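No experiment lies behind these values; they were computed from the predicted model shown. Positions are given from 1 along the sequence. Values reported hereafter were calculated over all heavy atoms of this structure, with side chains retained and with hydrogens, waters and symmetry mates removed.
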Amino acid sequence: MYSSGGIDAANFVSSFNTAFFFVAGIALFLLTGLTITMLWFAYRYNKKRNKVATQITGNTALEVTWTVIPILLALAMFHYGWVGWKTLNKPPKDAMTVTSIARMWNFSFIYGNGRQSPELYVPVNTPVKLNITSLDVIHSLFIPAFRIKSDMIPGRQKEMWFIPGSVGKYDIFCAEYCGLQHSYMHSKVNVLSKEDFDKWYIDTTKVQLTSAEATPGAAGEAIMKAQGCFACHSTDGSRIIGPSYLNLWGHQQTVVRDGKEVAVTVNEDYVRRSIFDPNADVVKGFPKNLMQPYTGTVSQDDVEKIIEYLKSLSGEKPS
Ligand code: CUA
């Protein structure tokens, strides 16, 4: 179920909409009023009808009016903005906390029990607090249907919160230009009923596989999907941002290490280094410092499964 965000998609929607339509209404009223006045003046005081220019030297009533009315309008706009804004920074104490990490070019959501997901899952009608940060450049987490957005800044923890109001699936976008794949950096908020969420939450198997999918390497592929690896690395030999995974395992790579070219064989050490210290050896012809370490989001156990997957892409029978 997809929704663009009805009035009750989240708690901030109605106060945001009130402020927006109030300001837009005033702007529309002024635009219309000024345009009509301007046209009237152009007609009434043109040279034919008003040969001698009319001079007005002062009009107290008029001056008071055009001072007081704009002040009242500006204060009213401020009021609606303020009412909506002040609650944005005050997450309720009992909010469910989810850590969200941005990196080029995906989001990870990490739950209290260690569960990780590239999409956000939340229970309906429950306050949710996101602790957000970035591992590389500035990103921005934007949920249009909930009317909330916050920058994700490297080296800084920030908070944002909301109460989802109806079950459904809503878009998440990165709203800060963050490099080549910025436009592909999006995800979903899945708002579930409380029962469905509890079921999802207690299932800490990172990867669910049906027996048909449980081919060698499938677990590794699912982990890499969750981490967003395929945004930059293809599996068919084509070049995206980083080297392709096709026929990688067991083959020679020329890497640049401390400015010198070195030939290395892609083995377990190489894969581990590429995940946890990706800028130590950078494959020749690819930019440095584009990939950030996946320490903390990829476990040692995950690496084993990723290797199984890489083997399957290199025609090697996985062990
Ligand atoms: Cu991340 Cu744009």
Subject >> Atom CZ of F20: over 12 foreign heavy atoms under 6.0 Å >> reply: no
Original post:
Charged N to carboxylate O under 4.0 angstrom, D171 versus K188?
Top reply: yes
**OP:** Starting from the C-alpha separation in whole Å, work towards a yes-or-no answer on salt bridge (charged side-chain N to carboxylate O under 4.0 Å, His left out) for R103 and D136.
**Re:** CA-CA 6 Å; R103 56 155 63 87; D136 38 44; 5.6 Å; no
Original post:
Do other residues, nucleotides or ligands put more than 12 heavy atoms under 6.0 Å from the CG atom of D258?
Top reply: no
Original post:
Which heavy atom of W105 sits nearest a heavy atom of C178, and at what distance?
Top reply: NE1-O, 3.0 Å
**OP:** Is it possible for you to check whether R239 lies under 6.0 Å from the centre of the six-membered ring of F286, through NZ or CZ, and within 45° of that ring's axis?
**Re:** yes
Original post:
Would Q252 and T265 count as having a side-chain donor-acceptor pair, cut-off 3.5 Å?
Top reply: yes
**OP:** Quick one: sort the Y111 and Y201 rings into parallel, tilted or perpendicular, breaks at 30° and 60°.
**Re:** perpendicular
**OP:** Evaluate the ring planes of W40 and Y43, with Trp represented by its six-membered ring, and classify them as parallel (under 30°), tilted (30 to 60°) or perpendicular (over 60°).
**Re:** tilted
Original post:
Quick one: do E159 and K129 make a salt bridge, cutoff under 4.0 Å?
Top reply: yes
Original post:
Do you know which two heavy atoms are closest between F107 and H186, and how far apart they sit?
Top reply: CE1-CA, 4.4 Å
**OP:** Would you name the heavy atoms of T126 and P164 that are closest together and state the gap between them?
**Re:** O-CD, 3.2 Å
Original post:
Is R272 salt-bridged to E268, going by a charged N under 4.0 Å from an acidic O?
Top reply: yes
Subject >> Distance in Å, F21 CZ paired with L28 CG, rounded so as to fall on 0.5 Å steps >> reply: 12.0 Å
**OP:** Identify the two heavy atoms, one from C174 and one from H182, that lie closest to each other, and give their separation to 0.1 Å.
**Re:** O-CE1, 3.1 Å
Original post:
Would you call K305 and D301 a salt bridge, taking side-chain N to carboxylate O under 4.0 Å as the test?
Top reply: yes
Original post:
Any donor-acceptor pair under 3.5 Å linking the side chain of T133 with the backbone of I101?
Top reply: no
Subject >> Step-by-step side-chain contact (heavy atoms from CB on, under 4.5 Å) determination, T235 to Y309 >> reply: CA-CA 11 Å; T235 56; Y309 177 63; 3.4 Å; yes
Subject >> Proximity of F146 and Y170 rings by center, below 6.0 Å >> reply: yes
Original post:
Do D236 and S234 meet the criterion of a side-chain donor-acceptor pair at a distance under 3.5 Å?
Top reply: yes
**OP:** Take F12 and W161 through the side-chain contact (heavy atoms from CB on, under 4.5 Å) test and state the conclusion after the steps.
**Re:** CA-CA 10 Å; F12 294 116; W161 77 280; 3.6 Å; yes
Original post:
Should we say atom NZ of K194 is surrounded by more than 12 heavy atoms from elsewhere, each under 6.0 Å from it?
Top reply: yes
Original post:
Under 3.5 Å, is there a donor-acceptor pair between the N17 and S14 side chains?
Top reply: no
**OP:** Decide whether a cation-pi geometry holds between R147 and F162; the criteria are a distance under 6.0 Å from NZ or CZ to the six-membered ring centre and an angle within 45° of the ring axis.
**Re:** no
**OP:** Carefully, step by step, assess V189 and V191 under the rule side-chain contact (heavy atoms from CB on, under 4.5 Å).
**Re:** CA-CA 6 Å; V189 192; V191 181; 4.1 Å; yes
Original post:
Is it true that the side chains of N279 and K288 contain a donor and an acceptor less than 3.5 Å apart?
Top reply: no
Original post:
For residues N131 and Q157, is any side-chain donor paired with an opposing acceptor at under 3.5 Å?
Top reply: no
**OP:** Could you tell me whether the side chain of S140 and the main chain of E176 form a donor-acceptor pair under 3.5 Å?
**Re:** no
Original post:
If you round to the nearest 0.5 Å, how far is CD1 of I153 from CD1 of I132?
Top reply: 8.0 Å
Original post:
So how far is it from D302 CG to I223 CD1, rounded to the nearest 0.5 Å?
Top reply: 4.0 Å
Subject >> H233 side chain to P243 backbone, donor-acceptor under 3.5 Å >> reply: yes
Original post:
So, for K158 and D151, which heavy atoms are closest and what is the spacing to 0.1 Å?
Top reply: CD-O, 3.6 Å
**OP:** May I ask you to decide if L62's main-chain N or O and N59's side chain share a donor-acceptor pair within less than 3.5 Å?
**Re:** yes
